[in-house]
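Since the structure comes first, as structure tokens, the remarks are kept for the end.
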Amino acid sequence: MDRPPLPPFTAETAAQKARLAEDGWNSRDPARVALAYTQDSRWRNRAEFLQGRDAIEAFLMRKWQRELDYRLIKELWAYQGNRIAVRFAYEWHDDSGQWFRSYGNENWEFDAHGLMQWRIASINDAPIAESARKFHWPLGRRPDDHPGLSALGF
């Protein structure tokens with residue numbers, strides 16, 4: 001099953017791939033998001049190491065049970081061949097109502113079918129006041145007219 005855009009990436013197709021990933025993660029649907037990865041995809045997310053779609057789906061279920069009202073923006077940083085690097089920020093709150101902005105970088109490697117086979121994510125969480133939030137769109141896909149990371153000064 002192909003999942004376009006396919007490598008080798010251009011600036012345009014790499015940016016499309018990053019936006020498609022952002023849209024998927026903003027759905028907060030673990031089964032849908034897991035389909036973007038190969039069956040044996042390898043991940044490092046913070047200090048957690050995962051392998052395979054089932055592990056990815058279980059991880060995402062745990063993540064979105066803990067990270068409430070999650071909203072994410074990804075921005076293309078670099079690309080070459082079948083690899084893409086993005087930077088991102090997302091806002092969420094825990095069950096006590098404390099808001100956070102999480103910042104990070106991801107390195108992605110894709111197979112010939114456009115499925116991600118390797119994901120390396122480095123992420124830092126910063127507590128923020130609710131009044132400091134910048135991501136205010138309704139849950140789901142970020143509207144096309146909402147500013148990206150660079151426009152927000154991140």
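The chain is numbered in sequence order, starting from 1. This is a predicted model, so every value here is computed, not measured.
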> Under 3.5 Å, is there a donor-acceptor pair between the side chain of K17 and the main chain of G114?
Replying inline: yes
> Among the clusters formed by ILVMFWY side chains lying less than 4.5 Å apart, do I56 and I123 turn up in the same one?
Replying inline: yes
>> Quick check against the 3.5 Å criterion: does D2 have a side-chain atom that pairs as donor or acceptor with the backbone of P4?
In response: no
>> Using side-chain heavy atoms (C-beta onward) and a distance below 4.5 Å, is E22 in contact with R142?
In response: yes
>> Quick check: do D125 and Y103 have side-chain heavy atoms less than 4.5 Å from each other?
In response: no
>> Holding to side chain to side chain donor-acceptor pair (under 3.5 Å), I want the full list of residues that pass it with Q80, two or more places apart in sequence or in another chain.
In response: none
>> Could you measure the distance from the CG atom of D95 to the CZ atom of R66? Nearest 0.5 Å is fine.
In response: 10.5 Å
>> Here's a test for you: under ring pair (Phe, Tyr, Trp, His ring centres under 6.0 Å), which of W92, W64, F135 qualifies with Y70?
In response: W64
> How far does CZ of R87 sit from CD of E106, to the nearest 0.5 angstrom?
Replying inline: 13.0 Å
>> Under 3.5 Å, is there a donor on one side chain and an acceptor on the other for N45 and R119?
In response: yes
>> Check for me, please, whether M116 and F59 land in the same ILVMFWY cluster - side-chain distances under 4.5 Å, paths through other members count.
In response: yes
> Can you check salt bridge (Lys or Arg N to Asp or Glu O under 4.0 Å) on D69 and R28, steps first, answer last?
Replying inline: CA-CA 9 Å; D69 290 322; R28 296 176 334 279; over 6 Å; no
> Is the shortest heavy-atom distance from the side chain of E12 to the side chain of Q16 under 4.5 Å?
Replying inline: yes
> Under 3.5 Å, side chain of Y79 to main-chain N/O of A85, donor-acceptor pair present?
Replying inline: no
>> Is there a path of hydrophobic side-chain contacts, each under 4.5 Å between heavy atoms, that joins M61 and Y37?
In response: no
>> Let me confirm one number: the CH2-CG distance from W118 to N82, rounded to the nearest 0.5 Å.
In response: 10.5 Å
> Under a 4.5 Å side-chain heavy-atom rule over Ile, Leu, Val, Met, Phe, Trp and Tyr, are W77 and L149 clustered together?
Replying inline: no
> What pair of heavy atoms forms the shortest contact from G81 to P7, and how long is it?
Replying inline: O-CB, 3.8 Å
>> Surrounding CZ of R101 (heavy atoms of other residues, nucleotides or ligands, distance under 6.0 Å), is the total greater than 12?
In response: yes
>> For a side-chain hydrogen bond (donor to acceptor under 3.5 Å, both in side chains) check, start with the C-alpha distance between T38 and D111, then their side-chain angles and the critical distance, and finish with the verdict.
In response: CA-CA 8 Å; T38 61; D111 72 4; 5.7 Å; no
> If you measure from CZ on R133 to NE2 on H93, what distance do you get to the nearest 0.5 Å?
Replying inline: 8.0 Å
> According to the interplanar angle, ranging from 0 to 90°, do the rings of Y90 and F88 count as parallel (below 30°), tilted (30 to 60°) or perpendicular (above 60°)?
Replying inline: parallel
>> Tell me whether Q98 contacts the main-chain N or O of I128 through its side chain, where contact means a donor paired with an acceptor under 3.5 Å.
In response: yes
> Is a side-chain donor-acceptor pair under 3.5 Å present for E75 with S150?
Replying inline: yes
> Should L152 and F100 be regarded as members of a common hydrophobic cluster, given that ILVMFWY residues are connected when their side-chain heavy atoms come within less than 4.5 Å of each other, either directly or indirectly?
Replying inline: no
> Considering all heavy atoms of both residues, which atom of R62 and which atom of E48 are nearest to each other, and what is their separation?
Replying inline: NH2-OE2, 2.6 Å
>> Would the distance check show the side chain of R44 and the main-chain N or O of A121 forming a donor-acceptor pair, the cut-off being under 3.5 Å?
In response: yes
>> Is any side-chain heavy atom of W43 closer than 4.5 Å to one of F49?
In response: no
>> Tell me whether R19 contacts the main-chain N or O of D23 through its side chain, where contact means a donor paired with an acceptor under 3.5 Å.
In response: no
>> Do P5 and L20 have side chains that approach each other closer than 4.5 Å (heavy atoms only, starting at C-beta)?
In response: yes
> For atom NZ of K63, is the number of surrounding heavy atoms from other residues, nucleotides or ligands below 6.0 Å larger than 12?
Replying inline: yes
> Closest approach of H136 and R71, non-hydrogen atoms and distance?
Replying inline: C-NE, 4.3 Å
> Is E57 close to V33 at the side-chain level, that is, under 4.5 Å between some pair of heavy atoms?
Replying inline: no
> Heavy atoms, side chains only, cut-off 4.5 Å: are I84 and L76 in contact?
Replying inline: yes
>> Nearest 0.5 Å, please: how far is CD in E91 from CD in E67?
In response: 12.0 Å
> Under 3.5 Å, side chain of R83 to main-chain N/O of F9, donor-acceptor pair present?
Replying inline: no
> How far does CZ of R32 sit from OG of S27, to the nearest 0.5 angstrom?
Replying inline: 4.0 Å
>> Whether K74 engages the ring of W25 as a cation-pi pair (distance to the six-membered ring centre under 6.0 angstrom, angle to the ring normal within 45°) should be assessed.
In response: yes
>> Testing the 3.5 Å rule here: is there a donor-acceptor pair between the side chains of S122 and N105?
In response: no
